[in-house]
Amino acid sequence: MIAKNTEKQEYTYFRCPVHEDQGQAVLCSRRRRLDVRVQETSIDGFTVLVKPQDANRLAIGRPWVLEYNDARVEVHGQWFFNAPDGHVQMGLRRLRDLTQPVKSRMSFFNRRRNSSSYNSGFSGVAFSGVLLLVFVVLALPGVGDALGTAPQIENALMWLYTGVSDIFRSVR
């Protein structure tokens, strides 16, 4: 959420506090991985708490990577504050998101689908026509009687016809 300060005509962002048990993060500076605790988050960055011995190990002037909440974000140190308890509080500005997108698993049938034939205007009407042709062949007296499908198809069609005719009779 953005609040507009009318006196100075500048925008400020609301900061959201993070509970201590959910603030564990790792700050990566070159090859060093430092455990930090995220205190606040906002749309433009983070406020983190660093141990004093770890703060001395940070390479100033280079972007860092913050790994927090299953995300990797490139950050830049904006401000530092030495707290009375010895910890260093840092304001980190969000530069860009480095989180890799999750690869979704596809089913066997989706892998085999060719996108060019899927989007090339293949009509469901043609498939329905082929299916209807197979149905009619199975219902023919010669083929259907030899396979034993003609009586079953005839019973199914009669059941469908009586159901539809009953609906139309009850509407009148």
Side-chain angles (χ1 to χ4, degrees), residues 1-135 138 156 160 163 167:
M1 187 173 244
I2 301 173
K4 186 175 180 183
N5 188 346
T6 55
E7 295 174 8
K8 297 180 184 178
Q9 293 296 326
E10 65 182 44
Y11 295 93
T12 58
Y13 299 101
F14 291 108
R15 302 191 77 75
C16 303
V18 176
H19 198 270
E20 285 183 29
D21 62 342
Q22 296 183 0
Q24 301 300 336
V26 175
L27 188 62
C28 303
S29 173
R30 293 187 183 176
R31 294 184 198 135
R32 294 189 173 114
R33 295 176 56 84
L34 308 174
D35 291 328
V36 297
R37 185 168 56 94
V38 177
Q39 291 182 315
E40 297 175 335
T41 64
S42 75
I43 194 170
D44 65 336
F46 305 90
T47 303
V48 298
L49 200 61
V50 183
K51 295 176 188 169
Q53 63 270 21
D54 289 341
N56 294 333
R57 299 170 75 196
L58 289 172
I60 306 295
R62 292 181 173 253
W64 304 318
V65 175
L66 182 69
E67 296 175 355
Y68 172 64
N69 244 5
D70 297 329
R72 291 176 45 92
V73 180
E74 185 177 6
V75 294
H76 178 74
Q78 260 191 321
W79 53 265
F80 301 89
F81 175 74
N82 291 323
D85 64 355
H87 285 86
V88 177
Q89 190 177 31
M90 296 178 9
L92 303 177
R93 180 98 165 158
R94 199 182 293 257
L95 296 178
R96 63 183 168 141
D97 189 8
L98 302 174
T99 307
Q100 295 293 326
V102 178
K103 294 182 180 179
S104 62
R105 294 185 58 185
M106 295 173 61
S107 72
F108 175 74
F109 299 110
N110 286 342
R111 284 187 207 148
R112 299 206 40 143
R113 181 183 300 161
N114 186 359
S115 62
S116 62
S117 67
Y118 180 69
N119 294 326
S120 66
F122 174 75
S123 176
V125 175
F127 179 70
S128 300
V130 170
L131 192 60
L132 184 62
L133 179 68
V134 170
F135 183 75
L138 291 176
L160 190 62
I167 291 173

Checklist entry - Got a donor-acceptor contact below 3.5 angstrom from the Asn69 side chain to the Ala71 backbone? => result no
Checklist entry - NE2/His87 to NZ/Lys51 distance, rounded to the nearest 0.5 angstrom? => result 7.0 Å
Checklist entry - Of the non-hydrogen atoms in Ala25 and Val38, which two are nearest, and what is the gap between them? => result CB-CG2, 3.7 Å
Checklist entry - What residue pairs, at least two apart or across chains, pass side chain to side chain donor-acceptor pair (under 3.5 Å) with a residue in residues 19-28? => result His19-Asp21
Checklist entry - Is the closest side-chain heavy-atom distance between Arg94 and Phe46 below 4.5 Å? => result yes
Checklist entry - Could you state the interatomic distance from CG (Asp35) to CG (Leu49), rounded to the nearest 0.5 Å? => result 12.5 Å
Checklist entry - Where do Leu58 and Ser29 come nearest, in terms of heavy atoms and distance? => result CD2-CB, 3.8 Å
Checklist entry - Does CD in Gln53 sit with more than 12 non-hydrogen atoms of other residues, nucleotides or ligands closer than 6.0 Å? => result yes
Item to check | Minimum side-chain heavy-atom gap Arg93-Asp44 below 4.5 Å | outcome: yes
Checklist entry - Just wondering, do Leu133 and Leu131 contact through their side chains at under 4.5 Å, heavy atoms? => result no
Next on the checklist: Is there a side-chain contact between Leu27 and Val75 in this structure, where contact means two heavy atoms from C-beta onward sitting under 4.5 Å apart?
Outcome noted: yes
Checklist entry - Got Leu34 and Val26 here, is their nearest side-chain heavy-atom distance under 4.5 Å? => result no
Item to check | Heavy atoms of other groups near Asp85 CG, more than 12 under 6.0 Å | outcome: yes
Next on the checklist: Are the side chains of Met90 and Trp64 in contact, using a 4.5 Å heavy-atom criterion?
Outcome noted: yes
Checklist outcome for this item: Looking only at heavy atoms, the pair that brings Glu74 and Pro63 closest together is OE2-CB, 3.2 Å
Next on the checklist: Suppose we screen for salt bridge (charged side-chain N to carboxylate O under 4.0 Å, His left out). Which residues come up paired with Arg72, at least two apart in sequence or across chains?
Outcome noted: Glu67
Next on the checklist: Contact between Val36 and Tyr68 at the side-chain level, heavy atoms closer than 4.5 Å - yes or no?
Outcome noted: no
Checklist entry - Quick one: do the Arg15 and Thr47 side chains pair a donor with an acceptor below 3.5 Å? => result yes
Checklist outcome for this item: Looking only at heavy atoms, the pair that brings Pro52 and Gly86 closest together is CG-O, 2.9 Å
Item to check | Asp54 with Arg33: basic N within carboxylate O range, under 4.0 Å | outcome: no
